[in-house]
Each structure stands twice: as structure tokens, then as C-alpha cells.
> 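Following this message is one structure expressed as C-alpha cells.
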Protein chains: 2
Amino acid sequence: MNDSDSKPASRRSDATRTAILDAARERFAADGYERATIRAIARDANIDPSMVMRYYGNKEGLFAAAVAIDLQMPDLGAFPRHDVGRALVTHFLDMWEENEVLTALLRVGVTNQAGAERMQGIFRDQLLPTARHVCPDPEQVPTRAALCATQVLGLALTRYVLRLPPVVALVREEIVAWLAPTLQRYLTAPSP
Amino acid sequence: MNDSDSKPASRRSDATRTAILDAARERFAADGYERATIRAIARDANIDPSMVMRYYGNKEGLFAAAVAIDLQMPDLGAFPRHDVGRALVTHFLDMWEENEVLTALLRVGVTNQAGAERMQGIFRDQLLPTARHVCPDPEQVPTRAALCATQVLGLALTRYVLRLPPVVALVREEIVAWLAPTLQRYLTAPSP
DNA sequence: TACGGTTGCCAACAAGTGTTGACCAACAAA
DNA sequence: TTTGTTGGTCAACACTTGTTGGCAACCGTA
């Protein structure tokens, strides 16, 4: 342990490490925290369960390593003001459909305290700063960003987790057309 | 087992039975399906775990008995057409805050297949028929009801489960003021 | 009184969990 | 070669889970 930062220093076991992370992401996304067992993850990664412990300490450490979220929020200030709602929806749809990690975090956030706190952190560090660039009154930023979160997470919940049939049936363009005005209003409309 | 229906036929053990159900509701709401253990529920109800099995067969039976949801949906046709959005939000806020069962079902729906299917059933049998009374085009009813579900469940998720601070901080009037127009549009506005 | 059913507790089972330590094979540096 | 480090497996640990069957106390009825 001489290189404690900046240099990953490729190890011979890197393949195994990433195999574990991949399997973990998949299992956490499909089963949630409790039902995603270390044994099942190890089986998916074709290694022994004890390797998971060696490389990631314990189950919480594995989860922390597997689920690292970067929303890659765009600069909403760069869009025409009347278009930020649409920009937000499309961005979130992109994120969510290319990346099972978001579903994993949502599932875990519901059953696990640490997961819930992680979601709070992502909201605070990634969504809030973005909203700051479009909201008129800085004092209203948390409220408006929170309202956007309710709508976006509600869509993710019903579409990717609960799978309500009519929500699953919606095509991308419909979602954008319906949700964009909602987010637009939450972000920029005068406070009611 | 001679009275298989209609007459509850009060038993001496009724107090225990309802104590179990109460404890079960609380635990399912707080912990979700997997982490709400029968032992913990029995401890809360001050009885032996084996009693739970005797009265409710198994854990799934207990969940089915504990979580029976009646949304008590109002007849939206009785409201002025421009007011159905507001009526929906206030009704759901009432339901959700007086009744921990809804939070229980939401938590379980995320981690348990049977729970998810139960939510789909509630949507189909209780929300859909209500929406039918306000939507112009019957063909659009599922879509519009589904959109309402995304917003309402998103609020419940972020407020009662994830507890995002700015969502928790919202007072009832703010929620109504912000969400009513959204639901109103999802229900009655012309399809975009 | 005796008796059958109900209510309840206790102890145990089998299975599955996260986690640990002993042990072996391959490799790299000396 | 020898030595030390790394990657990996195996078997077991301590514990928790849902679930079961036996047994004692109580009840209303006959």
C-alpha cells in the first residue's frame, strides 16, 4: 500500500475487481440491498465470496464502491430559458436508461438508511447546484429543485421499479412532452 | 372453521390478532418486507413468533392481511372540472398522512415482487376508474392516470421514504399549490 | 367433575446470511 | 534456487431467518 492516491497502479486482479463490481451493480439494481447476497454476486462474477470481502471489506463497502453516481448534470444556463424543463427530462431519461446504477440506488435508498442518505447527498451536491443557475430567487432553489426531484424520481419509480404498465408503455417522446412543462414550471414559474 | 364468511364470530384471541396486524403494519412501513422480521413483529405485539404463523400461515399471509388498501377515492365528477387536480392532491395527502399502510406498501413494492403487483392492482382497480370520470378521451385514461401516479408516488417517495429535506420541509398548502396544477394538466389538458 | 378446543410459550429445525482464517498455486524479486 | 507477495479456493464460524411440533394453562360446556 505505497501508492495511496492518484495512481491506480494496475494490478493483476483488476479483472476480478471489476467483475465483482459489475455483478454487484446488476444484483443491487435487480434485488435491492438485502436480497442481493454476496454469495449471489460472487457466483455471477465466477469467484469465491471471500474475494468480495478481501477487496471491499464488507457488504456496505461493496455497495459504496459499486454505486458511484455522477449525474453529469448539464449547465442549464446554456439553454434558452424556456427550454430548461425539456433539457432536464431528456437528460434524466438518458442517464436512467443507459445506467442500471440509478435503479440500484433507488432500490437501495428505499430499504437502506445508508442508501437514503446517499440519495440525499446526490440531491444536495448535484441537483441543487444545477437548479441554482436557472432559479430566479436563490431562496427558492431548494424547494424548486425538490419539486423536480419528486416528479423525476416518481417517473423512475413507476417505470423502472414498480413497472406500472401504462408508465412502461410510454415512449420517450411522450414522457418528454408531458413532463417538460411540469419541470419548467417547477423551475421558472412564479411561486404560486 | 365452520363460519367461513360474513360473520367474524368474535374470538377470544381477537386482541392478539389485531395486535399482530398493528405491529406488522408498523414494521413493514418502517423496514420494508425483508427487514421486517416475524420475530420483531411478534416482539412488538408481545407474543410468541409462532402465534403469527398460527394465525396468518406464513409471512406472505401476514403481509396480505396487514396491508389492505382502500384509497377511498372521491368521485371526481362531483367537483368543478377545473378543481380536480386540487381535489386529488388534498385527498392523497389526507390518505398518506393518516395511514402508515401506504408507506408500508410503497416500501414493500420496491423490494418485493408481490408488493409491486399489489400496487399495480391498486392502480388498476382504484385509480383508473376514478380517472375515467374526468378524462375526455377514454383511450387516454390509462396514460393520464399513470402520469398522476408518477407525480403522487414521487412525492410520497421523496417525502415519506427518502425524506429529502426540502420535500419534508414543504407544508401542506405549498404541496397543494405546486402539485394541483400538474395533476390538473395531466388529467384534463389537451394531449401535447 | 371431566373434557375437547382454544390460546399461548418453549425449544428446536433447516436453510441461508455475512464474515473469517487456513491453505494452496502462481508469480516476481533476490 | 529461495523467498515473499499476490490471487484464489475451501471449509467453517456465529448468527439470523421462517417455520414446526410438543406441551402447559385456560376456557366453556356437559
Side-chain angles (χ1 to χ4, degrees), chain A residues 1-4 7-25 27-28 30-67 107-108 111-115, chain B residues 1-4 7-25 27-28 30-67 107-108 111-115:
Chain A
M1 295 201 192
N2 45 21
D3 56 329
S4 56
K7 276 286 172 56
S10 76
R11 283 155 300 201
R12 190 156 38 101
S13 61
D14 280 354
T16 304
R17 292 180 127 94
T18 66
I20 293 176
L21 288 189
D22 287 345
R25 274 188 274 268
R27 284 284 177 176
F28 281 133
D31 297 340
Y33 190 81
E34 334 286 334
R35 300 188 21 192
T37 70
I38 289 188
R39 283 173 162 86
I41 293 170
R43 205 177 314 126
D44 289 356
N46 284 319
I47 46 96
D48 191 89
S50 62
M51 302 301 294
V52 179
M53 312 302 298
R54 170 132 64 194
Y55 291 143
Y56 299 101
N58 53 26
K59 192 176 179 180
E60 280 200 30
L62 171 64
F63 176 73
V67 176
R107 271 219 159 86
V108 173
T111 42
N112 189 269
Q113 182 59 26
Chain B
M1 296 203 191
N2 43 21
D3 55 330
S4 56
K7 275 288 172 58
S10 76
R11 283 154 301 199
R12 192 154 39 99
S13 60
D14 280 353
T16 304
R17 293 180 127 95
T18 67
I20 293 176
L21 287 189
D22 287 344
R25 274 187 274 266
R27 284 284 176 175
F28 282 132
D31 298 339
Y33 190 80
E34 333 288 334
R35 298 189 22 193
T37 70
I38 288 189
R39 282 174 163 86
I41 292 170
R43 204 179 313 125
D44 290 356
N46 284 318
I47 47 94
D48 190 272
S50 61
M51 304 300 295
V52 179
M53 310 303 297
R54 178 173 297 175
Y55 291 143
Y56 299 102
N58 54 27
K59 193 176 180 181
E60 281 200 29
L62 172 64
F63 177 72
V67 176
R107 270 216 160 88
V108 174
T111 43
N112 189 270
Q113 182 59 27

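Chain naming here is simple, since letters A, B, ... match the order of the sequence lines and numbering starts at 1 in each.
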> Spell out, as yes or no, whether a donor-acceptor pair under 3.5 Å connects the side chain of A/Asp48 to the backbone of A/Met51.
no
> If you measure from OH on A/Tyr55 to CG on A/Leu62, what distance do you get to the nearest 0.5 Å?
13.5 Å
> Short question: side chain of A/Ser13, backbone of A/Thr16 - any donor-acceptor pair under 3.5 Å?
no
> So do A/Asp14 and A/Arg11 actually touch side chain to side chain, heavy atoms under 4.5 Å?
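The answer is yes; the side chains approach within 4.5 Å.
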> Nearest whole angstrom, please: distance from the P of C/dT17 to the CD of A/Glu60.
18 Å
> Quickly work out the B/Arg11 CZ to D/dC27 C1' distance and round it to whole Å.
16 Å
> Could you tell me the separation between the CD1 atom of A/Ile41 and the C1' atom of C/dG18, rounded to a whole number of Å?
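It is 12 Å, rounded to the nearest whole Å.
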> Counting C-beta onward and ignoring hydrogens, is there a side-chain heavy-atom pair between A/Val52 and A/Asn58 closer than 4.5 Å?
no
> Separation of A/Met51 atom CE from D/dG7 atom C1', in whole Å?
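Value for this atom pair: 5 Å.
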> Base, sugar-phosphate, or nothing for B/Tyr55, non-hydrogen atoms under 4.0 angstrom?
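Counting heavy atoms under 4.0 Å across all strands, the contact made by B/Tyr55 is with sugar-phosphate only.
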> Do A/Asn112 and A/Glu60 have side-chain heavy atoms sitting under 4.5 Å apart?
no
> Starting at atom CG of A/Asp14, determine the distance to atom P of D/dT6, rounded to an integer number of angstrom.
14 Å
> Between B/Asp48 (CG) and D/dC23 (C1'), how many Å, whole number?
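Roughly 13 Å, once rounded to whole Å.
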> Does A/Arg35 reach the main-chain N or O of B/Thr111 with its side chain, forming a donor-acceptor pair under 3.5 Å?
yes
> Any N/O pairs under 3.5 Å between the protein and nucleotides 16-18 of chain D? List them or say none.
from, atom 1, to, atom 2, distance (Å)
D/dG18, OP1, B/Ile38, N, 3.4
D/dG18, OP1, B/Lys59, NZ, 3.0
D/dG18, OP2, B/Ile38, N, 3.1
D/dG18, N7, B/Arg39, NH1, 2.6
D/dG18, O6, B/Arg39, NH2, 2.9

> Which distance, rounded to the nearest 0.5 Å, do you find between the CZ of A/Arg54 and the CD1 of A/Ile20?
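Between A/Arg54 CZ and A/Ile20 CD1, I get 10.5 Å after rounding to 0.5 Å.
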> Each nucleotide in nucleotides 22-30 of chain C should get exactly one letter: B, S or -. Can you fill that in based on protein heavy atoms under 4.0 Å?
---------
> So, does A/Tyr56 use its side chain to make a donor-acceptor pair with the main chain of A/Arg17 at under 3.5 Å?
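Looks like yes, one N/O pair under 3.5 Å.
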> For B/Leu62 and D/dT19, give me the distance from atom CG to atom C1', rounded to whole Å.
14 Å
